[in-house]
Every structure is written in C-alpha cells, then in structure tokens.
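Each remark here refers to the structure printed beneath this line.
Proteins get letters first, then strands, A, B, ... in listed order; numbering begins at 1 in each. These numbers come from a predicted model, not from an experiment.
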There are 2 protein chains.
Amino acid sequence: MAVTIKDVSAKCGLSISTVSKAFNNYSDISAETRELVHRTAREIGYYPNAIARTLKTNRSYNLGVLYSDDGQNGLTHSFFAQVLDAFKSECEKHGYDLTFINHNVGWTGMTYLEHCRYRNVDGVCLVCADFYSTEVAELATSDIPCVTIDHAFNNRSCVMSDNLQGVQQLVRHAVSNGHRKIAFVHGQRSSVTENRITGYYRALNEAGIDPRADYLVDALYDSPTAGYTAMNQLMKLADPPTCVLMPDDHSALGALEAAGDLHLRVPEDVSIAGYDGNRLGQMLHPRLTTVKQDTKRMGVQAALYLIERIENPRTAVSEVGMVPIKLIPGESMGKVKK
Amino acid sequence: MAVTIKDVSAKCGLSISTVSKAFNNYSDISAETRELVHRTAREIGYYPNAIARTLKTNRSYNLGVLYSDDGQNGLTHSFFAQVLDAFKSECEKHGYDLTFINHNVGWTGMTYLEHCRYRNVDGVCLVCADFYSTEVAELATSDIPCVTIDHAFNNRSCVMSDNLQGVQQLVRHAVSNGHRKIAFVHGQRSSVTENRITGYYRALNEAGIDPRADYLVDALYDSPTAGYTAMNQLMKLADPPTCVLMPDDHSALGALEAAGDLHLRVPEDVSIAGYDGNRLGQMLHPRLTTVKQDTKRMGVQAALYLIERIENPRTAVSEVGMVPIKLIPGESMGKVKK
DNA sequence: ACTTTTTCCGAAATCGGTTTAGTGAGAGCG
DNA sequence: CGCTCTCACTAAACCGATTTCGGAAAAAGT
C-alpha cells in the first residue's frame with residue numbers, strides 16, 4: 001500500500017542506505033545521486049515513515065499535550081483553547097505534531113509519564129492540569145523536556161501570564177475611579193490565584209487601603225453560578241464593596257446577573273470587573289472592564305521554549321517567560337458615588 | 001532508559017516471543033507463565049512501546065483529527081471544541097489517542113492524506129475543515145477509515161446535527177408568536193448552512209408565508225461584527241422583519257448590539273434568535289432564544305462510528321447519524337406587536 | 001608507477017516489538 | 001516400548017527506517 005524506502009531504492013538502482021542518506025543530507029552522497037533520489041521520491045510519492053524513523057532515532061517529532069481529563073474545563077475553556085491553538089500552530093511550523101496525553105487510555109492505567117514514554121513524545125506541554133497532583137509533578141520533573149503554562153516547576157521552563165500585574169492594574173484602575181471598598185472574588189487554589197491575590201494585596205497596600213477578610217471571596221473559575229453566589233454574598237454584607245473583581249469574564253456575567261436581580265445598576269450602584277478579555281465581554285452593555293491575556297504569545301513562547309529544550313538539550317536553560325497583560329477599561333467600572 | 005520487552009524476558013528467564021505472547025493473550029502460553037510475565041512487567045514498570053508495535057502491526061491506536069488550520073475558527077470555536085472534547089474522551093475510553101492532522105508540518109508540504117500515512121493513524125475524524133477543498137475530499141475518500149462532522153461524503157460515516165429541524169423549529173416558534181416577517185441570517189456556504197436554509201424555507205412554506213429574498217442575508221458564522229452589519233441592514237429595509245434568526249449566539253450578540261444602537265428594544269420592537277445554546281446566551285437579559293446542539297452526543301457517536309470501522313472493517317457500514325437538537329426559548333423572542 | 005587520500009556508496013546491525021514455523025518434552029495410546 | 005499428539009515454548013524473520021563501518025574506485029601526491 002504505502003510506498004517505502006525500498007521502492008525508491010529499487011527504482012533508483014541504489015541501496016536503501018544511500019536513499020536514506022540522501023534524504024538526511026549526509027555529506028557522502030554526490031549531488032547527482034541526491035537529486036535523483038529526491039526526484040524519484042517525489043515521483044512515486046515517498047516520504048519517510050514517522051513510525052519507523054522514531055523507532056530507530058528515538059525522535060518522534062511529536063509533542064504531548066496535557067489537557068486535564070477530569071475537570072469540566074477542558075478544551076471548552078476559551079483561555080486554554082486559545083493558548084493551545086497558538087502552541088499548535090507554532091509547533092507545526094517547526095515540524096512537530098501534537099498528541100493528547102491522558103491517563104486512561106483504554107483498560108491500562110498508565111500514568112501521564114508512562115503515556116509519554118509509550119508514545120515516545122519528544123516533549124510535553126502542560127497546558128491545563130492539576131499541578132498539585134503527584135502524577136503531574138512526576139511528569140514535569142522527569143527527563144522528558146517539558147514546558148508548563150501558568151505554573152512553574154523547579155528547573156523547568158514555564159510561560160506565565162502576568163497575573164500579579166493584571167489584578168494590580170485592575171485595583172489601581174478602581175482606585176483611580178475613587179473606589180476604596182474593593183472586593184476580590186478568586187478561583188480555585190492555583191499559582192494563578194496566588195499571584196492574583198498578591199497583586200490585589202499589593203495594590204491595596206500601595207493605595208493605603210486596609211484589606212478586609214470579608215472582601216476576599218473564594219469561588220470558582222469559569223462559573224457564572226459561583227459568580228452569582230459570590231456577588232450575592234458580597235452585596236448582602238452590612239458594608240458592601242463598591243467594586244467587585246471577578247475571577248474571569250464568565251463569572252462576571254454571573255455577577256452582573258446577581259446585581260440585576262438585586263436591582264443594583266452597574267456601574268452606578270456597583271462596579272464589576274472580569275478577567276480574560278473574551279469577545280463576549282465587549283459585546284455587553286455595559287462593556288466589561290477586564291484584563292486581556294496575551295494567549296497567542298503565551299502559546300508561541302511555550303512552543304519555542306520546548307523545542308529549544310528538545311533540539312539543544314545541552315545548552316538550553318529553563319526559562320520562565322512572563323507575558324504582559326493589558327487592562328481593558330469598560331463601562332462596568334464607574335466612578336464611585338460620593 | 002526505558003524498560004523494554006528484553007528486560008522482562010531476561011528477568012523471567014523466558015524468550016522475548018513468550019513475553020510478547022503472554023501480553024497479547026496467545027493461547028499457547030500457560031497460565032502460570034502468563035501470570036509471571038505480567039507480574040514482573042508490573043514490577044519493573046514495563047508496557048509495550050507503541051511505536052515498535054505500530055511498525056510491525058500497522059495499528060497505531062492513534063486517530064487523526066482534522067481541525068482546520070487556516071480559518072480563524074479553530075480550537076477557539078466553542079461548538080467544535082465541545083464536539084472534539086467528547087470525541088476525545090470516548091476515544092480514550094477505547095484506548096485510542098488523538099493527534100492533530102494538518103498540512104504544513106515544517107518545511108514539507110504534505111497533504112492531509114500524506115500526513116495521515118506518515119503518522120500511521122488508524123483513522124481520522126474531520127471535525128472542522130473546508131469540506132469543499134480537494135485535499136480534504138482526497139482524505140475523506142481514501143482507504144483510511146474516516147468520520148466527518150456535519151458534512152456527508154459518499155459512503156463515509158458522518159454525524160450530523162439536525163440543522164434542518166433546528167431552524168424549522170425556530171421558525172415555527174416565531175410563527176407561533178405571531179411573526180410573519182421572519183428573516184434568516186446565515187453563515188458561509190456549507191452543508192450546515194444549506195440544511196438550515198432548507199429548514200427555513202420549509203417552515204415558511206408550512207406556515208403559508210412567502211419567502212422574501214431581502215430577508216435571507218448572507219453573513220458569517222461566529223462573527224458579532226458581521227451579525228451587527230446584517231442586523232443593521234435588515235432593520236433599514238423599508239419593510240423590516242419583526243424577527244431575525246442569526247447564524248449563532250455570537251452573531252446574535254452583534255445583532256442585539258445593533259438593535260440597541262438603533263434604539264430598538266428586544267423583544268418589544270424586534271425579536272432575535274441565536275443558535276448553539278452557549279452558556280453566555282442564557283446569562284443575557286433578555287435570555288437568548290436559541291437551539292442547543294447535542295455536541296456531546298455528536299462527539300461520542302463519531303468516535304463509535306470510527307472505531308467500529310477500524311475494528312470491523314469488513315462488516316462495518318457507513319452510517320449517517322442525525323443528532324436531534326433542542327429548542328431553547330428565551331425572552332429575546334416575543335409576541336409580535338399588532 | 002606506487003602509495004595515499006578522497007569520494008561515494010553499500011552491507012549489516014539495530015530500534016522494540018509481533019508472528020510464523022518449528023521443536024522438545026511429556027502424555028496418551030495400542 | 002514405540003508411536004503420535006498436545007502443550008508450552010523459542011528461533012528467526014520482519015516491519016521501515018537510520019547509522020556505523022568498511023570498501024572500491026577515482027583522484028591526488030611523490
């Protein structure tokens with residue numbers, strides 16, 4: 001069925017070795033022979049089989065992508081989907097394919113690491129995973145080249161969105177609009193969340209505002225309903241905040257809904273901000289004040305780090321790339337009423 | 001580094017063949033031996049290498065996924081992302097991994113089909129692709145098992161969302177609310193679009209309404225700006241429609257925006273419907289009337305068709321699965337003013 | 001003319017498995 | 001006891017490439 005190197009060698013009247021060498025640009029092949037080989041290969045539609053090549057060279061030109069199985073937020077989550085999309089394009093540009101890594105391939109209970117070895121991936125990108133699980137840590141700290149998104153492992157490359165700056169700028173923006181009672185609703189425990197909380201405290205401190213425990217609310221990412229609940233809770237405080245920062249744009253939608261149900265106008269009665277800069281937030285009225293993460297740059301950067309590691313294992317160093325964010329002011333954040 | 005079959009055979013004092021057979025449940029291996037092999041394999045952490053196995057058996061347990069490179073709507077598009085997510089889960093359940101197929105791996109200008117052969121995928125799922133391109137057609141009609149989403153190729157399995165019913169039900173819903181002037185804004189040419197237009201005409205016919213050419217507007221999928229433009233155009237007609245069906249929820253957002261800018265209230269002055277049933281549509285006020293596609297079922301069904309084809313090539317027949325949709329009424333569609 | 005070097009190519013081992021064909025030991029049988 | 005049959009296992013070919021090592025022929029040097 002498929003055309004193999006043998007067909008080329010037969011058609012050229014050359015040995016298999018010679019054909020292989022011609023394809024891999026060995027120096028001990030004459031220009032004419034090389035040309036002949038390439039020509040006939042094109043004629044009969046030959047291209048080396050990746051499987052056979054991988055077996056011998058131990059280089060698959062295939063990268064693993066860890067995209068949390070469990071968790072409801074898989075491919076559906078727009079932030080991760082965008083990062084992955086950019087990562088994918090950049091990898092393809094360099095000749096690498098992408099295969100999903102998971103830990104329940106059929107019957108066998110392979111770990112992530114085992115799955116990577118099983119498929120001989122050259123490297124792996126942890127896009128969206130439970131970074132606190134031992135299995136993920138095992139993979140990240142293995143000898144397989146690895147890059148992570150938004151969570152740093154010791155001595156491994158990582159691309160981070162500047163979450164600290166993101167929240168800090170949001171708070172500054174709020175303060176510049178006269179807000180002093182600023183609440184922060186955050187998502188699940190993660191390094192992203194930690195950085196954002198730090199940014200929150202830092203900006204409050206900078207503005208000389210004392211943080212209040214009841215203004216820091218534990219909620220979920222990407223959950224309008226959790227956002228609704230959190231907003232409700234905040235607004236029912238004896239001394240409610242005048243500005244609420246939500247974990248993301250979807251959650252902010254829930255908050256807007258809650259405000260509506262409480263007959264609070266946004267931004268006249270209360271200001272709300274999201275995070276992510278989804279298109280939808282810009283279609284709302286009021287337009288959502290939010291922070292745009294540079295997902296494209298994150299994905300591309302991750303690909304470059306990983307490929308560098310793979311292709312220059314000796315000289316490549318692990319890097320932590322901090323990708324800047326951009327504050328997007330919208331009408332959902334208003335000046336505070338006197 | 002990696003532990004191979006040799007290590008197991010050495011540790012057991014058995015030949016390589018025996019170990020392999022024990023793993024593949026050959027009948028000419030005694031129960032004790034089989035047990036011994038599995039036990040030691042577990043001890044030293046052995047699992048057969050997929051690459052080596054593939055080379056010999058020509059079965060990779062790897063499926064290709066075609067997810068349009070070009071087109072801006074890649075992984076980002078929520079409908080496709082959801083289908084892919086379900087497809088992925090189901091495949092993993094059956095022991096298959098997923099690799100993205102594209103046509104610009106590095107320098108080489110491989111076609112989709114060549115890429116599939118290059119990676120030895122057992123089958124391929126065309127999720128989101130330009131079905132009218134010759135390259136895609138070449139792949140779909142090749143000897144590689146194939147399943148498509150929302151576009152049927154002769155004698156190939158396919159999973160379709162019932163788009164005809166979807167639009168038909170929307171129109172019926174509009175009619176039942178007293179609308180007679182119903183416009184349909186549709187996305188790019190595709191089999192999905194064709195079916196929807198047919199559903200539109202059919203429902204109009206059913207209600208005894210004469211279709212009007214100026215009520216059928218050519219726009220784009222997933223484009224709020226195109227939606228905005230289309231809505232604007234419709235509302236400026238001498239005799240504007242009272243109800244507008246948009247290509248999808250995102251486009252509907254654009255239409256809502258346009259209505260707002262024209263100081264038209266929804267649904268009092270004009271009714272608007274979306275398509276897809278995104279979460280966001282349900283968070284809007286007014287809640288968007290829309291059609292929910294069963295993306296999960298589509299993905300799972302596609303996986304089952306494909307795997308059936310792969311594992312029972314002789315008996316499997318090509319099937320076209322029609323997945324039902326669900327109308328989701330919302331406040332964006334109101335009773336027509338007298 | 002003879003040695004040395006360079007150029008170009010091929011034989012064969014190898015990667016880690018699967019599978020076919022065969023083999024030796026013991027059981028069953030007359 | 002000798003024969004055949006099973007049973008349980010192994011040797012070896014093979015999948016499609018890459019790569020090391022070596023060798024023949026041509027070119028260069030003396």
In B/S/- notation (B base, S sugar-phosphate only, - none; protein heavy atoms under 4.0 Å), nucleotides 15-21 of chain C written 5' to 3' is BBBBBBB
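- Taking atom CZ on Arg34(B) and atom C1' on dC9(D), their separation rounds to 13 Å, with Å as the unit.
- Summarising the geometry, the separation between CG on Leu14(A) and P on dA11(C) is reported as 11 Å, rounded to the nearest angstrom.
- Rounding to whole angstrom units, OH of residue Tyr61(A) and P of dT18(D) are separated by 11 Å.
- Between dA11(D), dC8(C), dA8(D), one nucleotide has an atom nearer to the side chain of Thr33(A) than all others, and that is dC8(C).
- Between Phe79(B) and Tyr221(B), the ring center distance fails the sub-6.0 Å criterion.
- Taking side-chain N and O atoms only, Ser30(B) has a distance below 4.0 Å to OP1 or OP2 of dC9(D).
- Between Thr148(A) and Phe131(A), the shortest heavy-atom distance links the atoms CG2-CE2, 4.0 Å.
- A salt bridge does not link Asp130(B) to Arg189(B): none of the charged nitrogens lies less than 4.0 Å from a carboxylate oxygen.
- For the salt bridge (charged side-chain N to carboxylate O under 4.0 Å, His left out) test, residues two or more places apart in sequence or in another chain that qualify with Glu35(A) are Arg39(A).
- Counting any heavy atom pair closer than 4.0 Å across all strands shown, Thr54(A) reaches no nucleic acid atom.
- Aromatic rings from Tyr118(A) and Tyr61(B) are positioned such that their centres are separated by 6.0 Å or more.
- Taking the ring centroids of Tyr132(B) and His151(B), they lie under the 6.0 Å cut-off.
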